[in-house]
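So that the names make sense, note that chain A is the first sequence line, chain B the second, and so on, each numbered from 1. Keep in mind that what you see is a predicted model, and the values were worked out from it rather than measured.
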Protein chains: 2
Amino acid sequence: MTKPRVNSALIRRINTGRLFHIIRQNAGISQQQLSHVSGIDPATISIIINNLEAAGIVRRVIDAPTGRAGRPTSALSIDARAGYLAGIGIEPDAIRIVLATIDGARCADLIVPGSLDPEAAREAARAGLASALRMVRARRSTLLGVGIALPGLVSLDGQVVFAPNLGWRDLDFAAGLRQSLKCPIRLENDVKAAALAEHLFGASRDITDFVYVMGRSGIGGGLHLMGELYRGPHGLAGEIGHMKIVPGGRLCGCGGHGCFEAYASERAILAELAAQGHPARDVDAVLAACRDGDKTVLAVLAEAGAHLGLGLANLINIMSPRRVVLGGSLARLAPFLLPAAARALDENALAAIRHDVELVVSVMGDHAAPMGGIALALQQFLDDPPVRLGHPRESGRRTK
Amino acid sequence: MTKPRVNSALIRRINTGRLFHIIRQNAGISQQQLSHVSGIDPATISIIINNLEAAGIVRRVIDAPTGRAGRPTSALSIDARAGYLAGIGIEPDAIRIVLATIDGARCADLIVPGSLDPEAAREAARAGLASALRMVRARRSTLLGVGIALPGLVSLDGQVVFAPNLGWRDLDFAAGLRQSLKCPIRLENDVKAAALAEHLFGASRDITDFVYVMGRSGIGGGLHLMGELYRGPHGLAGEIGHMKIVPGGRLCGCGGHGCFEAYASERAILAELAAQGHPARDVDAVLAACRDGDKTVLAVLAEAGAHLGLGLANLINIMSPRRVVLGGSLARLAPFLLPAAARALDENALAAIRHDVELVVSVMGDHAAPMGGIALALQQFLDDPPVRLGHPRESGRRTK
DNA sequence: TGGGTTTATTAAAGAGTAAAAATAATTCGC
DNA sequence: GCGAATTATTTTTACTCTTTAATAAACCCA
């Protein structure tokens, strides 16, 4: 049971974080606007901004004259030179590495072959990260944090509990990297990480309550509630793939029957196509067939879309989020899934609740997992900044 | 969009509230133990306790000698003389009123006939409340807060959006009472309120993440996440009754098919019995038949229990709570529902998640809703105490 | 009286807020 | 054209509030 002390340091950390994100998402904002937006007093802002500037996190540029009277504003922005964050998305067959500045701007992108052997995957990630750093001509000491996102159950303390696709169980994947990289590392389930990225960098920045639904081979979910990721008491909340939508229905990989992901996942769609004798074996082929107007494929997708809508309706009835974000292969297939899904949603979600829910598609694409890693790293960076922010005001007070 | 300022006053409110609840649940605790339990510094505690004592909220009794050396501890407890909280549970046919001291101890209990006319219901509640106050010989000025719990959708600002059982829509039920009672009033959905009561007064005091599932005529839910009630962006989260567990299944009152409450609610059970020609028309009759070993009733309940387990499995798969609490008529029928429900749970919930979830029955009984009202009133009292706590330290500083 | 235990007080450090002051441009008056 | 007034933004100062650590006080028992 964590009980963070409620004290001044916490206040400062919260307010600093809030200002950081506002600046990040509104580059060029002035201190006065910042005060208006955040509700924090201008004096407090002055102090915090000065600290952030001294730490090299925020940059201040005096604006060009506007032509109007008064002292010109200075434009605040996150200083890209502060250092880099790395996001690592681990999949069975590929490891995606993204390097970003601390404002989340992507500046390097890399895919290396994956491995089911943890040690090999770790080494591949490490080597890939080194390459990425070379790509931007950055020294390893400029790496401020690393976030790792992988498909599987991850405990609250970042241990891999079970990752069926990777064949990993009870593994501290980050430990080895932490040693060799000498910088903070966080590890999280890829869908939860992607939800975080959606909140920090995506289209749902101002949405405090949304559900991220990601189709990979199966279906995962991330609950973002009250402005923060909800992990649940064991870190397993949001695993919606095995919600039962058809009692006694199709056999699922989990051993159960009628699971959500046995009907609406990429794997389920491909399996259904195969069962109907269709040659498509991956999402690209499915999309190509759709564009050619392949009736079989369109029918299968409509069917899957209807089940998708049914599952989402349950999710919406329970959580009443403001938005549902679709990611992964669900996002790619969305054009052909959504019509049926929207119908099923209208039919099965309570009207009063359905009315206020948007169903949108993530724009993150394949970057969802590694950008989730960036989000994790950024969160870590703000939770526990390497330079002590908010230190005592320099004692250079002039006396009258 | 609420954005509470993060400042010293907030810290004090949070810490004061924490101490209040610890004292409430551990009457007789000493300041030192309080510090140990809460993690708050003894000095801070000293100040806060002095304020609470001066406000008449906490009482300090110097303990009898313990036989051991040292200054005797003083026992802290919530001062029952501080005043009363009222909880009002509104149902179509009855209004339940509970009076409690601010530590949540029930001291009066009353049921008056209900009404579908808002004005009549309001007047009945007001009159009942006056009677309850007379029962404990208390003046109306000692009433510190009122919480109202009713079956229906309630917006975040306490407006009744839709209460089908009462036939109310878009109604500010509390407004009239607020005028005549001249004390703070909060209004909330009864299941959410009951979940709050379960957290503050029930068996789930130390559980930060649980789901409260209440069977009335339908089925409602309350999500208690991260130590607080989750209302969702519109206050409609947790309305699990219309989760679809059987696609295209039984017609539900909502117009949809296959809803949770069309299979596992009191109304559904009674309807099924009627369809099978059984004479039981209420829960009492059902329970009596069960005790007589009535096969028909037991079979219907087992069937309903299986569907209950199926619905709970979905809830658990999504939320991964630490506990599911059953209340209302589900609690009364629990002995005959649970075996089948537990089986369905084992079958349909992911093992990794199922393993850490308890399924328990609320001990609140019929008091759930009005005690929910008490919980609301207490929360209101602590959020916005009538006497300003944490006032400036008395200026009686002695100088050396 | 002295030892031990618990509570209360005090001083220090840090946070936020409000008001005043400083800063830096433009605009006005001549 | 040039200085003073104006305007808008940021910083400083003064103050309150909070936590925390160190210190003092209160109290019982031996």
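- Put simply, the side chain of R24(B) reaches to within 4.5 Å of the side chain of L378(B), judged on heavy atoms.
- Here dG16(C) presents its P atom at 14 Å from CG of N50(A), a figure rounded to the nearest Å.
- Comparing Q32(A) and V6(A), the nucleotide of DNA chain D nearest to each residue sits closer to the 5' end for Q32(A).
- Backbone-only contact: N7(B) has heavy atoms under 4.0 Å from sugar-phosphate atoms and none from a base.
- Summarising the geometry, the separation between CG on L34(A) and P on dG16(C) is reported as 13 Å, rounded to the nearest angstrom.
- Rounding to whole angstrom units, CD1 of residue I49(A) and C1' of dT10(D) are separated by 12 Å.
- Listed pair S74(A) / dT10(D) meets the phosphate criterion, a side-chain N or O lying under 4.0 Å from OP1 or OP2.
- OP1 or OP2 of dA8(C) sits under 4.0 Å from a side-chain N or O of R60(B).
- Between R18(B) atom CZ and dT18(D) atom P the separation is 15 Å, expressed in whole Å.
- For the pair I40(B) CD1 and dC17(D) P, the interatomic distance rounds to 19 Å; values are reported in whole Å.
- Between dT7(C) and S46(B), no contact under 4.0 Å exists linking OP1 or OP2 to a side-chain N or O.
- Phosphate contact (OP1/OP2 of dA15(C), side-chain N/O of S8(A), threshold under 4.0 Å): absent.
- Positionally, the nearest nucleotide of DNA chain D for R71(A) lies more toward the 5' end than for the other of P42(B) and R71(A).
- The side chain of R5(B) places an N or O atom within less than 4.0 Å of a non-bridging phosphate oxygen (OP1 or OP2) of dT17(C).
- A residue-by-residue look at I48(A) and S30(B) shows that S30(B) has its nearest nucleotide of DNA chain C further toward the 5' end.
- Of the candidates L76(A), I48(A), N51(A), V58(A) forms a side chain to side chain contact (heavy atoms under 4.5 Å, CB included) with just one, namely L76(A).
- Atom P of nucleotide dC17(D) and atom CD1 of I11(A) are separated by 14 Å, given to the nearest angstrom.
- Following rounding to the nearest Å, Q33(A) (CD) and dT9(D) (C1') show an atom-to-atom distance of 11 Å.
- H224(B) and H199(B) have tilted rings, their planes meeting at an angle from 30° to 60° on a 0 to 90° scale.
- Taking the side chain of P72(A) as heavy atoms from C-beta on, and the options dT18(D), dT9(C), dA24(C), the nearest nucleotide is dA24(C).
- Here the side chains of I23(B) and I49(B) are in contact, with some heavy-atom distance below 4.5 Å.
- Using a 4.5 Å cut-off on side-chain heavy atoms (C-beta onward), I47(B) and R12(B) make contact.
- R13(A) comes within 4.0 angstrom of nothing in the nucleic acid, heavy atoms only.
- A close approach under 4.0 Å does not occur between any side-chain nitrogen or oxygen of R12(A) and OP1 or OP2 of dG14(C).
- Each of dT7(C), dG16(C), dA24(C) was ranked by its minimum atom distance to the side chain of T73(B); first place goes to dT7(C).
- Residues E188(B) and L196(B) are not in side-chain contact: their nearest non-hydrogen atoms beyond the backbone lie 4.5 Å or more apart.
- As rounded to whole Å, 14 Å separates atom P of dT6(C) from atom CG of L76(B).
- Note on Q31(B): a side-chain N or O is less than 4.0 Å away from OP1 or OP2 of dA8(C).
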